[in-house]
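First up is the structure itself, then whatever we jot down about it.
The sequence lines fix the lettering, A, B, ..., with proteins before strands; numbering per chain opens at 1.
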There are 2 protein chains.
Amino acid sequence: MNENNQNATSYQGEKKHYVAIDCIIFGFDGQKLKLLLIKRNFEPEKDKWSLMGGFVKENENLREGSERILNELTGLENVYLEQLFTYGEAQRDPVARTLSISYFALINIEDHDAGLTKSKNGEWFTFDEKPPLIFDHDKMVNKALAHLQYKAALHPLGFELLPEKFTIPQLQKLYEAIYDKELDRRNFSRKILSTGLLIDTGEKYEGGNTKKAMLYTLDKEKYGSQFNDFHYFTPKGFF
Amino acid sequence: MNENNQNATSYQGEKKHYVAIDCIIFGFDGQKLKLLLIKRNFEPEKDKWSLMGGFVKENENLREGSERILNELTGLENVYLEQLFTYGEAQRDPVARTLSISYFALINIEDHDAGLTKSKNGEWFTFDEKPPLIFDHDKMVNKALAHLQYKAALHPLGFELLPEKFTIPQLQKLYEAIYDKELDRRNFSRKILSTGLLIDTGEKYEGGNTKKAMLYTLDKEKYGSQFNDFHYFTPKGFF
DNA sequence: CCAAAAGTGTTTCCGTTACACCCATGG
DNA sequence: CCATGGGTGTAACGGAAACACTTTTGG
């Protein structure tokens, strides 16, 4: 029955399964939170929309696989990537029983290789515009969004979605996009600055037609060490 | 190469993988937080300690599998069970490449079938006494403990580890065991009661040799609806 | 009646909120 | 010089922390 050669302690009575990885890729364009999807030009479910995914290779670590799949669509490396959940309903994939490990990616939308993405039929959608997805991919997206909202409230996660240098108003816009709610400008600013995670670059943002905002960078040192601390970036009773 | 019959849209070029489920089972004995492990009387790694686990069956949902495996060792059903993380380093299992999906279980230690557990070579350990485990199971345990600490700080999770009726001092002992820190009795009591999750049963705990504490039950209704709310059961700056 | 643990009350303090006010820029 | 958005300051409020005090029970 089994394709492998057996030895005394192998798992010969057990069944094997297809295992896929699907990536939920979030980006931010300065105004809205977006999701990167692909229009499938291959079977199954050709011409429908889905998450970017792929099968786990024979000798590939899961993290490597997720990085490979993300890279194939965006050209990016060293991206914020976190394993989220493994979907394993026996009937979730009508073609054949397949497990899917979902990975959650946050990218600065300006950094990705737009040509590569286009060549793979990738497209960015706001949540308003998002088409229905194949299989249980809508469920995956919902869980990932909930996770983003949950985690960004407690940990300095949002910075991953912004350019290297950013202003506090930009960061606020991002948080407002994540939670679809407005925040008080003055309190937000003080709360963010009080974390000590931001370094003033001395530069000012060029582009606004009013007072130019100060540009900050992340203090990578503190960011790493404080990442698992609690920060409460959202107002009390926010949820 | 592949054992299945193929059709036009099957995944014939892809590799399949063994997929296991391992359960990290937490219990509380009134004083200490404990972990349920098994001494393996089967290969591989016979006579060593490991988590309770098993392979995912051909047509079994993952949640069903985790419930089956937990039930085999404890006799319990309807237990708090949460999928945690999927371990998939290519070399994590020296016998054959195997993915392992870890599940996190919280049980009331009094409820389980001690005879069944014993017959499966199961044993409860405090974290002080825990032996080294096979493969990457120590890593799984550490991640599960971190998750318990994280989640119990924000959600009313601890109740799962206590009997149906419990006292506030018992609940406090549990939190102190989870975090290995002492809490202020008076503030803890007020904080817990302010959640409105506890119902006074009118009874008193029999067993202490001083003043008998009041017995409470969970308000299941509120528990369900508030489970995803933030509660902050631990003091500020606790971590 | 004493020790030990449980329950209730109170003051202090600090972080959050909800504001007002000032500053810089382009048209 | 004015509209718009960015930056800084502050009073009031509320929840948490740190206490003291009272009550119950067994020995």
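Within the structure, every side-chain polar atom (N or O) of A/K211 is placed at least 4.0 Å from both OP1 and OP2 of D/dA3. Between A/K204 and D/dG6 there is no side-chain polar atom (N or O) within less than 4.0 angstrom of OP1 or OP2.
Residues meeting the side chain to side chain donor-acceptor pair (under 3.5 Å) test with A/Y80, sequence neighbours left out: A/E82.
We find that CZ of B/R186 is positioned 10 Å from C1' of D/dC21, with the value rounded to whole Å. Rounded to a whole Å, the CG atom of A/N187 is 13 Å from the C1' atom of D/dC13. Atom pair A/N209:CG and D/dG6:C1' shows a separation of 12 Å (rounding to whole Å applied). Across the protein-nucleic acid pair, B/Y232 atom OH and C/dT16 atom P stand 10 Å apart, rounded to whole Å. Between the OH atom of B/Y205 and the C1' atom of C/dG7 there is a distance of 18 Å, given to the nearest Å. We find that CZ of A/R185 is positioned 8 Å from C1' of D/dG7, with the value rounded to whole Å. Between the CG atom of B/L215 and the P atom of C/dA6 there is a distance of 12 Å, given to the nearest Å. When the P atom of C/dG7 is taken as reference, atom CG of B/L198 falls 11 Å away, rounded to whole Å.
Of the residues in residues 154-173 of chain B, not one comes within less than 4.0 Å of DNA chain D through any heavy atom.
The list of side chain to side chain donor-acceptor pair (under 3.5 Å) pairs with a residue in residues 160-179 of chain A, not counting sequence neighbours, reads A/E160-A/Y223, A/K165-A/E203, A/Q172-A/E176.
B/Y205 and B/Y216 have their aromatic ring centers separated by at least 6.0 angstrom.
In this structure, A/E206 and A/D184 both approach DNA chain C, and ranking their closest nucleotides by distance from the 5' end singles out A/D184. Where A/K191 and B/Y216 each meet DNA chain C at their nearest nucleotide, the meeting point lying more 5' is that of B/Y216.
A donor atom on one side chain and an acceptor atom on the other are not found under 3.5 Å apart for A/D22 and A/S102.
Looking only at side-chain heavy atoms (C-beta outward), A/L33 and A/T126 stay at 4.5 Å or farther from each other.
Shown here for A/N187 and A/D184, the closest heavy-atom pair between the two residues is N-OD1, 3.0 Å. Here the shortest heavy-atom pairing between A/D47 and A/K39 reads O-CE, 3.4 Å.
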